[in-house]
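Everything on this sheet refers to the single structure shown next.
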2 protein chains.
Amino acid sequence: MTKQILPLLDSGCCAPLAREPLSPQQAGTLAPMFKALGDPVRLRLLSMIASAAGGEVCVCDLTGGFAQSGPTISHHLRVLRESGLLDCERRGTWVFYWLRPGVLDQLAAVLDSTQPREAVGAPA
Amino acid sequence: MTKQILPLLDSGCCAPLAREPLSPQQAGTLAPMFKALGDPVRLRLLSMIASAAGGEVCVCDLTGGFAQSGPTISHHLRVLRESGLLDCERRGTWVFYWLRPGVLDQLAAVLDSTQPREAVGAPA
DNA sequence: CACTTGTTTCGACATCTGTCAAGTTAGACG
DNA sequence: CGTCTAACTTGACAGATGTCGAAACAAGTG
């Protein structure tokens with residue numbers, strides 16, 4: 001069910017944005033994830049899923065909260081899935097979506113600016 | 001020089017994504033910022049500016065690092081500025097850009113998922 | 001098997017986006 | 001003022017994106 005997933009930030013991926021310039025490759029890996037977050041409908045979908053009690057939500061419980069049609073919600077879920085933020089599984093009639101663990105934290109870490117620069121590693 | 005800026009997350013704006021579902025309004029405020037981050041060129045620009053020594057960079061020091069034309073870089077800088085992530089000022093011949101303080105941290109806070117749900121405020 | 005419900009895919013369409021070439025504005029310097 | 005450089009704006013264009021209705025697919029139920 002899960003289609004092509006972008007090369008995952010294996011472990012941390014990159015230093016925070018504000019510590020050193022991102023390489024074109026790093027930017028190319030991160031941008032699609034931020035892009036997936038760059039739509040109000042997708043942000044709300046992600047939030048509904050991320051904040052759900054069991055950590056997962058049935059599509060049937062998502063569509064009701066939006067003015068958009070079923071196919072449109074399905075499209076946005078696919079974008080979130082293919083960007084590596086969500087995963088899903090069919091169980092009988094229903095399809096459940098959940099947050100891929102850790103991905104949001106990695107994105108948050110990239111945005112973190114508490115260690116602007118010089119305070120990096122200087123051993124002495 | 002600074003044009004129309006989106007309604008700024010006054011103070012925190014919203015609870016983390018994973019704590020409770022975003023309202024349509026909150027999603028509408030946040031999405032344009034994530035959208036601005038959703039392009040590799042803009043991510044690199046932002047990173048170059050955020051990690052720069054003095055906290056600001058002259059446009060003339062940015063354009064060299066990209067295959068894109070000057071107007072294209074200018075366009076991306078405008079998108080970053082109008083989404084509220086950057087600010088700029090002209091000094092003589094040159095224009096300098098810098099990170100709007102706090103904005104990145106607010107976005108990071110929205111993505112933070114260390115307090116999934118129930119651990120919220122329950123007084124007892 | 002036919003029927004119903006949940007979900008995705010397909011096809012179409014209007015809008016938005018990234019890009020560049022060409023032209024314009026802003027300031028510095030004679 | 002004229003000219004040079006830095007940066008932005010405009011106009012154009014190919015390609016991506018958000019949206020929907022219709023059709024297809026998946027599973028359960030009679």
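Predicted model, so just to flag it, every value in this text is computed and none were measured. Note that these values count all heavy atoms, side chains included, but never hydrogens, waters or copies made by symmetry. Just so we're on the same page: letters track the sequence lines, and every chain starts at 1.
Counting to the nearest Å, the P atom of C:dT7 and the CG atom of A:L80 are 16 Å from each other. Between A:R44 atom CZ and D:dG18 atom P the separation is 16 Å, expressed in whole Å. The separation between A:R42 atom CZ and D:dG18 atom C1' is 9 Å, rounded to whole Å. Between the CZ atom of A:F66 and the P atom of C:dT7 there is a distance of 14 Å, given to the nearest Å. Here the P atom of nucleotide C:dT9 and the CZ atom of A:R81 are 7 Å apart, to the nearest Å. Rounded to whole Å, the distance from NE2 on A:H75 to C1' on D:dA16 is 10 Å. In this entry the distance linking CD of A:E82 with P of C:dT8 reads 12 Å, nearest Å. In this structure, A:R90 places its CZ atom 13 Å from P of D:dC25, rounding to the nearest Å.
Judged by the 6.0 Å distance and 45° axis criteria, B:R81 is not positioned over the aromatic ring of B:Y97.
Within the 4.0 angstrom heavy-atom criterion, only backbone atoms of the sugar-phosphate kind lie near A:H76; the bases stay farther away. Note on B:Y97: only backbone sugar-phosphate atoms sit closer than 4.0 angstrom, heavy atoms only; bases stay farther off.
Residue A:W94 places its side chain closer to C:dT7 than to any other of C:dT7, D:dA7, C:dT19. Ranking D:dA16, C:dT9, D:dA27 by closeness to the A:K35 side chain, first place goes to D:dA16. The side chain of B:D39 sits closest to C:dG18 out of C:dG18, C:dT9, D:dA6. Of all nucleotides listed (C:dC20, D:dT5, C:dG6), C:dG6 comes nearest to the side chain of A:C60. Comparing D:dC8, C:dT7, D:dA7 by their closest approach to the side chain of A:C58 singles out C:dT7. Candidate nucleotides C:dA28, C:dA26, C:dT7 were compared by shortest atom distance to the side chain of B:T93, and C:dA28 ranks first.
Among all heavy-atom pairs drawn from A:C58 and A:W94, the shortest one is SG-CD1, 3.5 Å.
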### Task
Just do the side chain to side chain contact (heavy atoms under 4.5 Å, CB included) check on A:M48 and A:V57 with the steps written out, would you?
CA-CA 8 Å; A:M48 290 171 78; A:V57 183; 5.6 Å; no
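Side-chain contact between A:L107 and A:L85: present, with at least one pair of heavy atoms (C-beta onward) separated by less than 4.5 Å.
Nearer the 5' end of DNA chain D, as judged by each residue's closest nucleotide, is the contact made by B:S74, out of A:Q68 and B:S74. Sequence order on DNA chain D of the closest nucleotides to A:P71 and A:R91 puts A:P71 first from the 5' end.
The phosphate of C:dC20 has OP1 or OP2 within less than 4.0 Å of a side-chain N or O from B:S69.
Listed for the A:R90 side chain is a donor-acceptor partner under 3.5 Å among the backbone atoms of A:G92.
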